[in-house]
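Naming convention: chains lettered A, B, ... in sequence-line order (proteins, then strands); numbering from 1 in each chain.
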Amino acid sequence: MEFLRIENLCKFYGKGENQVTALDHVSLTVTKGEFIAIVGASGSGKSTLLHAIAGVDVPSSGNIYLNGQDVYGQSREHLAIFRRRQIGMVYQFHNLIPTLNVVENITLPVLMDRRKVNQQRLNELLALLGLEERKYHLPNQLSGGQQQRVAIGRALMNVPAVMLADEPTGSLDSKNSYEIMKLLKESHKKYQQTLLLVTHDESIALQADRIITIADGKVVRDGRVKRP
Amino acid sequence: MNIFYKIALRGMQNSRARTMVTIIGVALSTALITAVITFGVSLLNYAAEGAAQKYGAWQGLFWDVDEDFIQRQNNNAAVAQTIQTETVGYAMLRGGVNADKPYLYITSFDEEAFAALPISLLSGRMPENSNEILIASHVAANGGVELSVGDQLTLGIGQRMAGEQVLSQQDAYAADELLQVEQEQTYTVVGIYLRPSFEAYTAPGYTAITKTDAATTADRFNLFVTLHQPWQIRSYMADTADGYDYSFNNKVLRFWGLSEDSADTIFNTLLYAIGGVVLAIVVVGSVFLIYNGFSISLNERIQQIGMLASVGATAGQLRSVVLFEGLCIGLVGIPIGILLGLCGMQIVIWAVAQRFNAILYDGVPLVMQISIWSIVGTVLLSLLTIFISAYIPAAKASNMPVMACIRQSNEAMLDPKRMNTPKWLYRFFGLEGMLALKNFRRNRKQYGSVVLSLVLSVVLFVSASAFVLDLRQTMEQTAVATTYDIGLGTQDMSDAALLNLYDSLQQINGVYESAYQAVVEYRCDIPADGFSEQAAAMVADRDVVGLPMEIHFLDDAAYQRLLAYAGVEPTVEDGQGMHLFAVAKLRADSDADTDSYVDLFSSGSIYADIIPVIHGVADEEQEQAVSITLVELPLPDIPPTQKQTSYSEQREYVFEAVAPWSLKAQLEQAGYTADCRVNGITFCSVQPSQSVTEIRQVITDVGVTDQYFLLNFAEILEENKSYIFIANVFAYTFIVIISLIAIANVFNTISTNMRLRRHEFAMLRSVGMSDRMFHRMLCFECLFYGMKALVWGLPLSVLAAWLIYSGLFFGGADTIQFIIPWGSMGISVCSVLIVIGVTMMYSVRKMKTENIIDALGDALL
Ligand SMILES: Nc1ncnc2c1ncn2[C@@H]1O[C@H](COP(=O)(O)OP(=O)(O)O)[C@@H](O)[C@H]1O
Ligand SMILES: [Mg+2]
């Protein structure tokens, strides 16, 4: 069943001679519940693709449909709600609000909806992320890895239909990476979430159902992972 | 170029927004100081020139000096100009009632003196030879001697002697002095003029001015001195007086703060106090603005310094980098500021010059006066502030480990405890309210300046408006109000000639209302039973009481206006002959301080006989029966007459009737002419001084031969009015400038802060914050800042208003009431919220629509 469809997606930066093509007519379809690893050299356009799907970077041309809905065809208000409810994105950098503590940062999408926080889910996440002792700390009191885990917690909290992770383990040691991956995968299985993950780590890529390779903004390979 | 200077220049180029904010701060504050000083100097200069036009440009006056002395003065390099007038001498004023002022003081002006010493002619013309003389109007008003144009005066003229000593106008009258008459002289009075400003109130003689010609032989002179440097006048006069008496032209000197006249003490205090306070506030505000421009980018600057230090820059090198940066900013910002200030002031002056000329001195242009010294001072002050402000980050950085400098960021200083917000805040105001409060707490330090500038401007705005209100109250209570601005009064002019003149005066510029009227004397015979109980004493045993009364005949339009104003229905013809409206009141208690009146008659209307007074005698043959309706209406002010002392005040009752002009002809059908107290024309004008000049011209052209008085009441009231006007202009300019400083400060701080939060806003949007939530968050923030500013500002401003009120109250204005300045407080509340709100919305106008990932961009790379 087709869940996410990307058609002829292009993204250019700059103008004239300095123009950089970050995405060059990318087309993809993803079914619900799929786990896709995106690999490629640095600067090939992986992050740009993820940002476009997350609804934070307006593409130069082309369309993205999620559940049949044109992502950039909706009003700004609806796009914001779409980001809040449908997408959980872990950025390559630490995208935390400096004035909010760990708990507030994790529950941010729920708070925005003015819904009641599911305390059980929150505690479960905090335990899984190893942040129980740090509940009321501000981001500037946390290490890089801890900040990354808070960002992942935020992406998971709302149980979004689509999870996007841009090198979530890039700055973590192997033990930390393993735990994070386990967390993402478990959530993906348990809630039938679609997971798109950018990684440089081959062993992580191999855990996916499908690997997409990007070079110079184009999809150069798209293959299923055969499991023994 | 030194590598560090290159780095500094590069740094400024790279963070263009930061550099611009700082330059704008410097330029604005320099502009404000320049503008305020220039405006003040220009205003004072204008006032001084206006006063000089009115009272003469001289600064000091030596009395009764000899030729040698004049020669010495003329040879003195400090003296710019001297004017001499001759002292003819003193003569007794026959019939004078003021015991302290028993003389006429006769002085003789030549052409030059007439040109340099303005004379305000009320009637007649200037003297043309040494047999003609001008008499000051207070000879009648104060001395009780009525002289008119055409009168001949034969005077025994001489010197006042106290023993061997000759006395001058500066020596007050003493009982043991002697008038030594030396010559006899006959003068023709050719004009009446207003008391000259050089005659002190204590002077023993009323100044009379004749014209110097070949026959004049005086050996004593009054010497009017103008120095090149006005501020030297006091010491100059004291040093060179040589025992002669001297006085000062305080009406002009006051504007340089040089008057020591006791009447000017308040003026001086106000001048210095207001000037000082205004300057202090503007300077503090500006210093603050510059400092703020630097400090909002403190972290960036510290980071830059840390970077340089990490590659081995010494403290001295770092200092030179920041000072160099400050110098660059000053070099750009200060000239722009001075230009901006001067241009802005020029525009303001162009805008208000017209009004100044109309209200204050016609013929003196209000021009911009640039004070070089104040500009030099402004430049130095700005540079100093820039250096100190630029140096602070360097000083801070030198106490920090290099790594801490580089890592320097807003977040590093966050205290988690301060970031705990109450639960109810989220419950009631949602995430937006919670985030707003957290931001408000985080940015406390930076926003301190926003709150402070807003508090300052709210307090100043409210107290300045309170001050203006208090002033207006004082003035309204003390003002001698007339119903007209210019009055032309005569006594002998025939009705036909008056109406003729009235027609000729229809085209005067600035006049928006004119009217003619005559006040005619009658006797009114009233049956005794018409009087009220309180007036029983006046009736005594008589059956009919004859009361002297006046009838004001007004031109029909003015009559209708008056009745309409008082809400009185016009006359109803009842077949009983003539009908009049009258005010008839009896002074209730002559001992009481305040005048309270009761009705003179028992009923609302009476029937009586009126008898015209002809040549001082009531002519009973002309008796006429009238019905009189008694009404309450404000009696119109009468045209000016020499008998200014109000006749009605000498009576224990007021009994005056008003009637339309047409009735006058009807009454006088029999061909008599009743005695006229005064008749004349009154004008309301928007430019009284110009109108008077034109009216005088018309009078000359028409060739009026009767004795007349042309009085510019507006001018007499002008002094008060012009102080209020200047105070108003200054207060409002001041308010505008303070608001500008505040707005600049608020704008600089908030827009920089918003710029620094661009990344954070993008983060919030990336996790799904909608535009509406974003707006709500900013509105809450705006409310927090506004509240904080108002919570401090409003109580403080009420306090300030009260202090001003008490100051005025104890300063003598003890009849005014304290009014809580609700109006200006309301305006403050709205403006504060609007300024913050607009600035926030303006600063984020682009951030709302920009691509989220572009805003997050810096962190990506
Ligand atoms: N804001 C930007 N301005 C200009 N070029 C950009 C910007 N963001 C990304 N790029 C360019 O787009 C290309 C793709 O970038 P990105 O998607 O971040 O690569 P990846 O994540 O695969 O390393 C790169 O060549 C990068 O230089
Ligand atoms: Mg990337």
Exercise. Who among A:N158, A:V58, A:D57, A:I87 has the most heavy-atom pairs with chain B under 4.5 Å?
Worked result: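 That would be A:D57.
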
Exercise. Among A:R84, A:R85, A:H137, A:E104, who wins on heavy-atom pairs under 4.5 Å with chain B?
Worked result: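 Sorted descending by pairs with chain B, the first entry is A:R84.
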
For this session: Can you establish whether the number of heavy atoms outside A:D216 located under 6.0 Å from its atom CG is more than 12?
Result: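 At most 12 heavy atoms, drawn from other residues, nucleotides or ligands, come within 6.0 Å of this atom.
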
Problem set entry | Over 12 non-hydrogen atoms of neighbours within 6.0 angstrom of OH in A:Y136 |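 Not buried by this count: 12 neighbours or fewer within 6.0 Å.
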
Exercise. With respect to chain A, which residue among B:N851, B:L764, B:N439 yields the maximal number of heavy-atom pairs within a distance under 4.5 Å?
Worked result: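 If we count pairs closer than 4.5 Å to chain A, B:N851 comes out on top.
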
Problem set entry | chain A interface, residue from B:E432, B:M434, B:R441 that has the most non-hydrogen pairs under 4.5 Å |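 Highest number of heavy-atom pairs under 4.5 Å: B:M434.
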
Go through the atoms of [X] and report whether side chain, backbone, both or neither lie under 4.5 Å from a heavy atom of chain B.
{"X": "A:R154", "answer": "side chain"}
{"X": "A:Y91", "answer": "side chain"}
{"X": "A:M89", "answer": "neither"}
{"X": "A:L96", "answer": "backbone"}

Problem set entry | side chain to side chain contact (heavy atoms under 4.5 Å, CB included) between A:L4 and A:I64, worked out | CA-CA 7 Å; A:L4 172 70; A:I64 300 172; 3.8 Å; yes

Looking at every non-hydrogen atom in both residues, tell me the closest pair between [X] and [Y] and how far apart they are.
{"X": "A:F12", "Y": "A:C10", "result": "CZ-CB, 3.9 Å"}
{"X": "A:L9", "Y": "A:P59", "result": "CD1-CB, 3.5 Å"}
{"X": "B:A789", "Y": "B:V832", "result": "CB-CG1, 4.5 Å"}
{"X": "A:N105", "Y": "A:L100", "result": "ND2-O, 2.9 Å"}
{"X": "A:M163", "Y": "A:A155", "result": "SD-O, 4.1 Å"}
{"X": "A:P139", "Y": "A:Q147", "result": "O-NE2, 3.1 Å"}

Problem set entry | A:I97/B:E760 under side chain to side chain contact (heavy atoms under 4.5 Å, CB included): CA gap, chis, key distance, verdict | CA-CA 6 Å; A:I97 306 300; B:E760 189 182 316; 4.3 Å; yes

Problem set entry | Segment of B:M773 engaging chain A (4.5 angstrom heavy-atom cut-off) |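 Contact with chain A: side chain only.
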
Problem set entry | Heavy-atom contact with chain A under 4.5 Å, split by part of B:L435 |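 Interface part for B:L435: side chain.
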
For this session: Answer yes or no for B:R758 and B:F761: cation-pi contact, defined as NZ/CZ to six-membered ring centre under 6.0 Å and angle to ring axis within 45°.
Result: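 Relative to the ring axis of B:F761, which defines the angle, B:R758 lies outside at least one limit.
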
Would you tabulate the side-chain donor-acceptor contacts of residues 20-28 of chain A under 3.5 Å, counting partners in other chains and residues two or more places apart, or write 'none'?
{"unit_1": "A:D24", "atom_1": "OD2", "unit_2": "A:K218", "atom_2": "NZ", "d": "3.2"}
{"unit_1": "A:S27", "atom_1": "OG", "unit_2": "A:N8", "atom_2": "N", "d": "2.9"}

For this session: Pull out the residues in residues 113-132 of chain A that come under 4.5 Å of chain B, heavy atom to heavy atom, sorted by number.
Result: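 When heavy atoms of chain B are the reference, residues 113-132 of chain A contributes A:R114, A:R115 within the under-4.5 Å range.
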
Exercise. Is there any residue in residues 72-80 of chain A with a non-hydrogen atom under 4.5 Å from a non-hydrogen atom of chain B, and which ones are they?
Worked result: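 Against chain B, the residues of residues 72-80 of chain A that fall inside the cut-off (heavy atoms, under 4.5 Å) are A:R76, A:E77, A:A80.
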
Exercise. Got a donor-acceptor contact below 3.5 angstrom from the A:N101 side chain to the A:V103 backbone?
Worked result: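 Yes, because the side chain of A:N101 sits within donor-acceptor range (under 3.5 Å) of the backbone of A:V103.
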
For this session: Could you tell me whether the side chain of B:R776 and the main chain of B:D771 form a donor-acceptor pair under 3.5 Å?
Result: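 Judged by distance alone, no pair lies under 3.5 Å.
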
Problem set entry | Residue that, paired with B:V844, satisfies side-chain contact (heavy atoms from CB on, under 4.5 Å) out of B:R757, B:M754, B:H775 |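 With B:V844 as partner, B:R757, B:M754, B:H775 yield a single side-chain contact (heavy atoms from CB on, under 4.5 Å), made by B:M754.
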
For this session: Quick one: do A:V162 and A:L195 satisfy side chain to side chain contact (heavy atoms under 4.5 Å, CB included)? Show the steps, please.
Result: CA-CA 6 Å; A:V162 182; A:L195 173 61; over 6 Å; no

For this session: For A:T199 and A:E167, test the side chains for any donor-to-acceptor distance below 3.5 angstrom and give the result as yes or no.
Result: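 No pair is found: no donor N or O on one side chain lies under 3.5 Å from an acceptor on the other.
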
Exercise. Residue by residue, which of residues 778-785 of chain B have a heavy atom closer than 4.5 Å to a heavy atom belonging to chain A?
Worked result: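 From residues 778-785 of chain B, none sit under 4.5 Å of chain A.
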
Problem set entry | Trace of the side chain to side chain contact (heavy atoms under 4.5 Å, CB included) decision for B:I836 with B:L454 | CA-CA 10 Å; B:I836 301 179; B:L454 287 172; 3.6 Å; yes

